[in-house]
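In what follows, a single structure is set out as structure tokens and then discussed.
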Amino acid sequence: MERKVRVRFAPSPTGALHIGGVRTALYNYLFARQHGGDMLLRIEDTDSARFVPGAEEYIIEALQWLGIGIDEGIGCQPAEGSTREWEQPKEGLPMQAGPHGPYRQSERREIYHQYVDQLLNSGHAYIAFDTPEELEAKRNEISNFQYDARTRMQMVNSLTLSKEEVDARIARGDKYVVRFKIEPNEDVHVHDLIRGEVVINSSILDDKVLYKSADDLPTYHLANIVDDHLMEVTHVIRGEEWLPSAPLHVLLYRAFGWEETMPQFAHLPLLLKPDGNGKLSKRDGDRLGFPVFPLEFHNQKDGTVSSGYRESGYLPEAVINFLALLGWHAASDQEIFSMQELIEQFSLDRVSKSGAKFDYEKGKWFNHQYLQNYTGAQLLPQFLAAVPAEHKEAVLEKGENVIAHVIDLMKERVNFVPELWDQAAFFFVAPAAYDEKSLKKRWKEESPAHMRELYAILEGINEWNAETLDKIVMEWIAQKEYGVGLVMNAFRITLVGAARGPHIWEITNVLGKEETLRRLQTAIERLA
RNA sequence: GGUGCUAUCGUCUAGGGGUCUAGGACAACGGCCUCUCACGCCGUAAACCGGGGUUCGAAUCCCCGUAGCACUACCA
């Protein structure tokens, strides 16, 4: 029986959504869309101690910005005229919707109780009273201590205690956990869509904690399996860090009797640090000067601020394209993909097995590519946002059409909109100083004299356009045999302040006659 | 330490026994374009971790080693 494809992205609200998590979400989304399936967003907040306020909203906003749509669960917005079940936001938390809710694990306590009991009753789990301190002591005392078939009979649990004692302890309020009872010496096979068959012997697995009475919440493993089953998830696409616990999950499905509908697994390669070794982390971003989060995040818990791709000037389609290729490659050599093309061409069997070092330089290139698709008018608001306050007025004075034109002129030379100001400031603000290197190379002894002559010529031109200026100036240079490069480069320095920028008549067009002459005059005076 | 995963240019990767004197992209370098700087275009340099097998033939399959990574919590 073919089931409808259903995948989920299930982050933990412990801070900003890491860029690796974004890629996981993207791959899930692409897979769902390609198969006409559903993409769910579930919040795994079973660790109350690590909850960070705002993280959930952040995740939703990030996915929205990137165009990763959610069909069911948290952050799912009702469509016009929708007849589906919608739950009202809880205490200002984001809206959730779908037939398998709630989609926040902290709101599913009762559901988990039922399944914990099922495992307890079927003998697949037991209650353990060992305190975290006692376990810690045990680990210090015995190297490689593991709570499993070899050791569980020496511990304080319902296997070693009488029924009365267990009941008494619970009755008097002793904190306990429920542990999964793993039968030793069994080869557990996990079929991974990316890696193939992975076999692990159950003896190396420990009796994982499934539920803790202290906060009346299950742990990841239990909640994950129960939810994926109840939510009819067909494919679990997640990071490679979960591969070692996949056999445990298989065992859990088996214990519940859900093996028939167990989802298929695909463990994605990790995103690694660009330099050195290890997994890409938040600190690498700070250290190497690039964002590791999609959006800027203000952590209310520890007061830190992390930079984001959006605020750094990245276009969402560039981030998507860049991330898609970090671990996946099309059958062809194509590298530029729209979301639609990714949906059409993505496939799990073309996902690489090895970790990918995060190549920030290539990300810049992607942004450059996508930036060229936008017109100056479209980029205008972003450009204006990057203009320093003290120059705002001078820029606005030019009018939107001229500013948009300048952006069109300059956008091909930058990777990001915010960089545009550095490149284009001279259009709006006269050079305060002249670049030493440019001067040395392009400002010659005869330059002041040339510029004085040029000033006189330009002053007499009334038709201030590129064609006329070019014709008259070139004729003058040719007649005097001054050399085009010599004159034009000096002229450029007077207008720009350095030997760079677009074609000179583009500059004079934007500046206008009056400003052009003013800058020429200033330079003649200062560089004579 | 244990277990698992992985291993092609600096980086992301193509490659799934002969078409590989190993292809593409980023970055680097050089050239062209040109009034400058960029963009763009063209080009150069740059890799199959090591050792054994299997085979007529191995980057491709197997084994061993080595290295990297992940996991090894009442975190996810």
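Proteins get letters first, then strands, A, B, ... in listed order; numbering begins at 1 in each.
Between rU19(B) and rG30(B), the distance separating the two P atoms is 35 Å to the nearest Å. When the C1' atom is used for both rG15(B) and rA47(B), the distance is 13 Å, rounded to whole Å. Across rC20(B) and rA28(B), the matching C1' atoms stand 25 Å from one another, rounded to whole Å. The gap from the C1' atom of rC9(B) to that of rG53(B) amounts to 28 Å, rounded to the nearest Å. Using C1' as the reference atom, rG10(B) and rA73(B) are 38 Å apart when rounded to the nearest Å. Nucleotides rG43(B) and rC49(B) have their C1' atoms positioned 31 Å apart, rounded to a whole Å. One P atom belongs to rG40(B), the other to rA25(B), and the distance between them is 13 Å to the nearest Å. rG51(B) and rC5(B) are spaced 22 Å apart, taking the C1' atom of each and rounding to whole Å.
Counting any heavy atom pair closer than 4.0 Å across all strands shown, Thr14(A) reaches no nucleic acid atom. Note on Arg238(A): nothing from the nucleic acid sits closer than 4.0 angstrom, heavy atoms only. At a threshold of 4.0 angstrom between heavy atoms, the contacts of Asp130(A) include nucleobase atoms, whether or not backbone atoms are also involved. Within 4.0 Å (heavy atoms only), His267(A) reaches no atom of the nucleic acid at all. Within 4.0 Å (heavy atoms only), Pro11(A) reaches no atom of the nucleic acid at all. Contact annotation for Ala214(A): no contact, since no heavy-atom pair falls under 4.0 Å across all strands. In this structure, Gly483(A) reaches neither bases nor backbone, as no heavy-atom distance under 4.0 Å exists between it and the strands shown. At the heavy-atom level, Val177(A) lies under 4.0 Å from base atoms of the strands shown. Here Lys279(A) lies in heavy-atom contact (under 4.0 Å) with sugar-phosphate atoms only. Contact annotation for Ile504(A): base contact, defined as any heavy-atom pair under 4.0 Å involving a base atom. Residue contacts shown for Asp47(A) are limited to sugar-phosphate atoms, with no base heavy atom under 4.0 Å away. Using a 4.0 Å heavy-atom cutoff across all strands shown, Arg492(A) reaches at least one base atom of the nucleic acid.
For rC75(B), the base has a donor-acceptor partner in the side chain of Arg50(A) [N/O atoms by modelled type, under 3.5 angstrom].
Considering only the side chain of Leu272(A), rC69(B) comes nearest among rC69(B), rG15(B), rA38(B). Residue Ser354(A) places its side chain closer to rU6(B) than to any other of rC74(B), rU6(B), rU11(B). Distance from the side chain of Glu44(A) is smallest for rA76(B) among the nucleotides rA76(B), rC26(B), rC5(B). Closest contact between the side chain of Lys357(A) and the listed nucleotides rC71(B), rU13(B), rU11(B) involves rU11(B). Relative to the side chain of Gln146(A), the nucleotides rU6(B), rC74(B), rU72(B) differ in distance, and rU72(B) lies closest. Closest to the side chain of Arg139(A), from the set rA76(B), rC39(B), rA73(B), is rA73(B). Side-chain proximity of Thr131(A) to rC74(B), rC71(B), rC39(B): nearest is rC74(B).
Looking at which nucleotide of RNA chain B each of Val198(A) and Ser352(A) is closest to, the 5′-most match is held by Val198(A). Taking for each of Gly363(A) and Pro244(A) the nucleotide of RNA chain B with the nearest heavy atom, the 5'-most of the two is the partner of Gly363(A).
Side chain to side chain, Tyr126(A) and Asp207(A) meet the donor-acceptor criterion of an N or O pair below 3.5 Å. A donor-acceptor pair shorter than 3.5 Å cannot be found between the side chains of Asp408(A) and Tyr374(A). Checking Gln264(A) against His191(A) by side-chain atom types alone, no donor-acceptor pair falls below 3.5 Å.
Rounded to a whole Å, the OH atom of Tyr176(A) is 16 Å from the P atom of rC74(B). Rounded to an integer number of Å, the gap from Lys411(A) NZ to rA38(B) P is 20 Å. The nearest whole Å value for the distance from the CZ atom in Arg500(A) to the P atom in rU36(B) is 16 Å. The interatomic distance linking Asp206(A) (CG) with rC75(B) (C1') rounds to 14 Å, in whole Å. Rounded to whole Å, atom C1' of rA76(B) lies 12 Å from atom CD1 of Ile43(A). Atom CG in Asn489(A) sits about 13 Å away from atom P in rA38(B), given to the nearest Å. Counting to the nearest Å, the C1' atom of rU36(B) and the CD1 atom of Ile507(A) are 9 Å from each other. In this structure, CZ of Phe366(A) is placed 8 Å from C1' of rA25(B), rounded to the nearest angstrom.
His267(A) pairs in a side-chain hydrogen bond (donor to acceptor under 3.5 Å, both in side chains) with only one of the listed residues (Arg238(A), Glu240(A), Glu241(A)), which is Arg238(A).
Checked against the 6.0 Å centroid criterion, the rings of Phe322(A) and Phe358(A) qualify as a close aromatic pair.
Note on Thr46(A): a side-chain N or O is less than 4.0 Å away from OP1 or OP2 of rA76(B).
Side-chain atoms of Arg152(A) do not come within 3.5 Å of backbone N or O of Leu159(A) as any donor-acceptor pair.
Trp242(A) and His249(A) have tilted rings, their planes meeting at an angle from 30° to 60° on a 0 to 90° scale.
Of the nucleotides present, none pairs with rG16(B) by Watson-Crick or G-U wobble criteria with both distances under 3.5 Å. Searching all strands for a Watson-Crick or G-U wobble partner of rG57(B) with both distances below 3.5 Å returns nothing. Base pairing analysis places rC48(B) opposite nothing; no Watson-Crick or G-U wobble pair with both distances below 3.5 Å involves it. Figure legend. rU3(B) is base-paired to rA70(B); pairs are counted as Watson-Crick or G-U wobble with both atom distances under 3.5 Å. Base pairing annotation: rC29(B) forms a Watson-Crick or G-U wobble pair with rG43(B), both donor-acceptor distances under 3.5 Å.
Heavy-atom contacts from other residues, nucleotides or ligands closer than 6.0 Å to CD of Gln154(A) number more than 12. Counting non-hydrogen atoms of other residues, nucleotides and ligands closer than 6.0 Å to NZ of Lys441(A) gives a total of 12 or fewer.
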